[in-house]
Q: 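What follows is a structure written as structure tokens; I'll ask about it next.
Order of the sequence lines fixes the chain letters, A, B, ..., with proteins taken first and strands second; residue numbering starts at 1 for each chain.
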2 protein chains.
Amino acid sequence: MTAPKVRSPRKPKGQGAERREEILDAALKLFSAKGLHTVSTRQIAEAVGISQPALYAYFATKDDITAELCIRAFSILVERMEAARADFTPTAECFEKALRVYVDFGLENPDAYRVAFMVEKGLDGTYKERVGDRPMMAGIGAFQRFAEIVGEVRDAGLTHDDDVQRITQTLWAGLHGLVSLLIARADFPWVEREVLIACHISLLRRGALKGVA
Amino acid sequence: MTAPKVRSPRKPKGQGAERREEILDAALKLFSAKGLHTVSTRQIAEAVGISQPALYAYFATKDDITAELCIRAFSILVERMEAARADFTPTAECFEKALRVYVDFGLENPDAYRVAFMVEKGLDGTYKERVGDRPMMAGIGAFQRFAEIVGEVRDAGLTHDDDVQRITQTLWAGLHGLVSLLIARADFPWVEREVLIACHISLLRRGALKGVA
DNA sequence: GGTGATAAGTTATCACTGATCGATTATTGT
DNA sequence: ACAATAATCGATCAGTGATAACTTATCACC
């Protein structure tokens, strides 16, 4: 009565990669539904329809699964950032639109965002040893695209500061703060979300760009 | 050769509360050294010199230990915020100083900060069920003190926006972003820390306050 | 159509985690 | 000395991530 234990049929010989996709799909769904730490490898395996050790034929550790999910999500952010840059003109409106891209991405991919920027890595560096810098490098890739956009507004002479790295890091931190808090503290008595986002972005724009009160 | 297992002498009858302090001290040290998730209750117990189940005479769950640490840390932040408000005058300089109080607190109490604002709570609300809102309420206490300061600059007519809740949430998010990233991603190629903080704070100030470029 | 190689997946197990139970100390007021 | 009880321990549980050794299905080839 308790465990039907539906097993997914064995994959044909060359098709192990397909199972890998199934695992990533199941993991993403479970993470989205229950959060990262509360989902066990056994739950993932059951959702896929295989035994728990079978996961380890495709991923060395559990963290590798989350890392992979995160890397994929960030490739999306990179795309969006590149799209934002493609039709970018150094104006305040367009600048705000670019900031908005980051916020929207974070709120649409909360779990990837968590893995990339909010997950505890362990101060001893164990996490880094296991999965490497790959998820973070993916994040930095997006960061660089963002820096390019900031570079354009600086070259147009619109910024208060003229050190692109410095402005970019500051703006990134500012955006991350909002995104991470909205994700991690959804039950906080926030002002209406859309209003808050708009307010936050225009504050960052005022802080970074000259003129245009 | 492996385990000396030094035991702390049993506490006299009324002095259980003293042991409670020892547990909190040991836990804070271990968390600071190794991170939150990598420290087990057995490690905490050994550091104190008692058995692992003995912890449960003082704390219902492991999360209660971290929650308590966080609450204590935030009472310090509340104090600092009240101090900042005591000699507050509605000027740009003083406003920046108040923002700086938050940043300094976060960087000086990274573990408490993690527990309060960065720890995964589980989307199903399990964390909340166990330890309650207490750590977050402590954080909100500090938030309210901060809101009072923001209220003063608004009453002085210095702010762009005039909705105190809105500005405060935006500024808080802005500050949190920097603090949480510096804590969680210490290995990121940041610009020199002091410069970054100063730059970030002045950006937030420009974004929130009128005049004073 | 049998055969051997091997990809795909299994069961059993390990060390460890947070947590609970019942028993056992040691201290205290009487 | 004695009973009450605060303080604590050893044994144990279910659940975790991970590993080792084994089985089974599929494939290419003669």
Side-chain angles (χ1 to χ4, degrees), chain A residues 2-3 5-23 26-27 30-31 34-68 119-122 124 126-127 129-131, chain B residues 2-3 5-23 26-27 30-31 34-68 115 119-120 122 124 126-127 129-131:
Chain A
T2 52
K5 241 187 195 179
V6 184
R7 281 277 138 111
S8 169
R10 172 192 281 252
K11 292 293 171 187
K13 261 207 153 168
Q15 313 304 320
E18 195 175 306
R19 179 107 313 158
R20 199 183 143 91
E21 296 302 313
E22 293 178 15
I23 294 170
L30 285 170
F31 287 159
K34 306 191 190 183
L36 275 167
H37 280 301
T38 61
V39 175
S40 70
T41 53
R42 280 164 179 82
Q43 286 173 302
I44 296 172
E46 189 183 342
V48 177
I50 57 177
S51 70
Q52 180 252 357
L55 294 176
Y56 291 83
Y58 304 99
F59 300 94
T61 71
K62 184 191 184 185
D63 287 332
D64 282 321
I65 300 177
T66 62
E68 180 81 32
V119 152
E120 177 122 26
K121 294 199 300 177
D124 47 0
T126 30
Y127 182 84
E129 280 168 24
R130 288 199 297 258
V131 309
Chain B
T2 51
K5 242 188 191 176
V6 184
R7 282 277 139 107
S8 168
R10 174 191 279 253
K11 293 292 172 188
K13 263 207 151 166
Q15 313 304 320
E18 193 175 307
R19 177 109 311 161
R20 200 182 143 92
E21 296 301 315
E22 294 178 14
I23 294 171
L30 284 171
F31 287 159
K34 306 191 190 182
L36 274 167
H37 280 302
T38 61
V39 175
S40 70
T41 53
R42 280 163 180 83
Q43 286 173 302
I44 297 172
E46 189 183 342
V48 177
I50 58 177
S51 71
Q52 182 252 359
L55 294 176
Y56 291 82
Y58 304 100
F59 300 93
T61 71
K62 185 191 183 185
D63 287 331
D64 281 322
I65 300 178
T66 62
E68 180 80 35
V115 173
V119 154
E120 177 121 27
D124 47 359
T126 30
Y127 182 85
E129 280 169 23
R130 287 200 297 259
V131 309

Q: Less than 3.5 Å between a donor and an acceptor, one on the side chain of B:Arg42 and one on the base of C:dG18, is that the case here?
A: yes

Q: Please report the interatomic distance CD1(B:Ile23) to CD1(B:Ile44), rounded to the nearest 0.5 Å.
A: 8.5 Å

Q: Mind calculating the distance between CD (A:Gln52) and P (C:dT13) to the nearest angstrom?
A: 15 Å

Q: Please determine if a side-chain N or O atom of A:Arg7 lies less than 4.0 Å away from the OP1 or OP2 oxygen of C:dT10.
A: yes

Q: Would you classify B:Pro53 as touching base, sugar-phosphate or nothing, given that sugar-phosphate means primed atoms plus P, OP1 and OP2, and contacts are heavy atoms under 4.0 Å?
A: base

Q: Write down the distance between NE2 (A:His37) and P (D:dG15), rounded to a whole number of angstrom.
A: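 Roughly 20 Å, once rounded to whole Å.
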
Q: What nucleic acid atoms does B:Val39 come within less than 4.0 Å of, heavy atoms only: base, sugar-phosphate, or nothing?
A: sugar-phosphate

Q: Does the side chain of B:Ile65 reach to within under 4.5 Å of the side chain of B:Thr41, using non-hydrogen atoms?
A: no

Q: Can you tell me the distance, in whole Å, between the CZ atom of B:Arg10 and the C1' atom of D:dG10?
A: 14 Å

Q: In whole angstroms, how far is the P atom of C:dC16 from the NZ atom of B:Lys34?
A: 13 Å

Q: With a 4.5 Å limit on heavy-atom distance, are the side chains of A:Glu21 and A:Glu18 in contact?
A: no

Q: Check whether any side-chain N or O of A:Gln43 sits under 3.5 Å from a backbone N or O of A:Ser40 as a donor-acceptor pair, and report yes or no.
A: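 Yes.
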
Q: Mind checking A:Ser40 for me? I need base, sugar-phosphate or nothing, with any heavy atom below 4.0 Å counting as a touch.
A: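 Sugar-phosphate contact only.
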
Q: State, to 0.1 Å, how close B:Gln52 and B:Arg42 come at their nearest heavy-atom pair, and which atoms those are.
A: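 Shortest heavy-atom separation between B:Gln52 and B:Arg42 comes out as CG-CG, 3.7 Å.
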
Q: Rounded to whole Å, please give me the gap between CD in A:Glu46 and P in D:dT16.
A: 11 Å

Q: Any side-chain N or O of B:Lys62 below 4.0 angstrom from OP1/OP2 of C:dG18?
A: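 Yes, B:Lys62 has a side-chain N/O under 4.0 Å of OP1/OP2 on C:dG18.
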
Q: Of the listed nucleotides (C:dT10, D:dT8, D:dA18), which one gets closest to any side-chain atom of B:Tyr58?
A: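 Selected nucleotide: D:dT8.
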
Q: Would you indicate, yes or no, if C:dG18 has its OP1 or OP2 atom less than 4.0 angstrom from a side-chain nitrogen or oxygen of B:Thr41?
A: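 Yes, such a contact exists.
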
Q: Hey, does A:Arg19 reach any base, or is it just sugar-phosphate, or nothing, if we go heavy atoms under 4.0 Å?
A: sugar-phosphate

Q: Report which part of the nucleic acid A:Ala57 touches: base, sugar-phosphate, or nothing (heavy-atom distance under 4.0 Å, all strands).
A: nothing

Q: Which whole-number value in Å describes the distance from B:Leu55 CG to C:dC21 P?
A: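 Going from B:Leu55 (CG) to C:dC21 (P), I get 17 Å.
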
Q: Between atom CD in A:Gln43 and atom P in D:dG15, what is the gap in whole Å?
A: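 One finds 11 Å between P of D:dG15 and CD of A:Gln43, rounded.
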
Q: What is the distance, to the nearest angstrom, from the CD1 atom on B:Ile23 to the C1' atom on D:dT8?
A: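 Answer to the nearest Å: 11 Å.
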
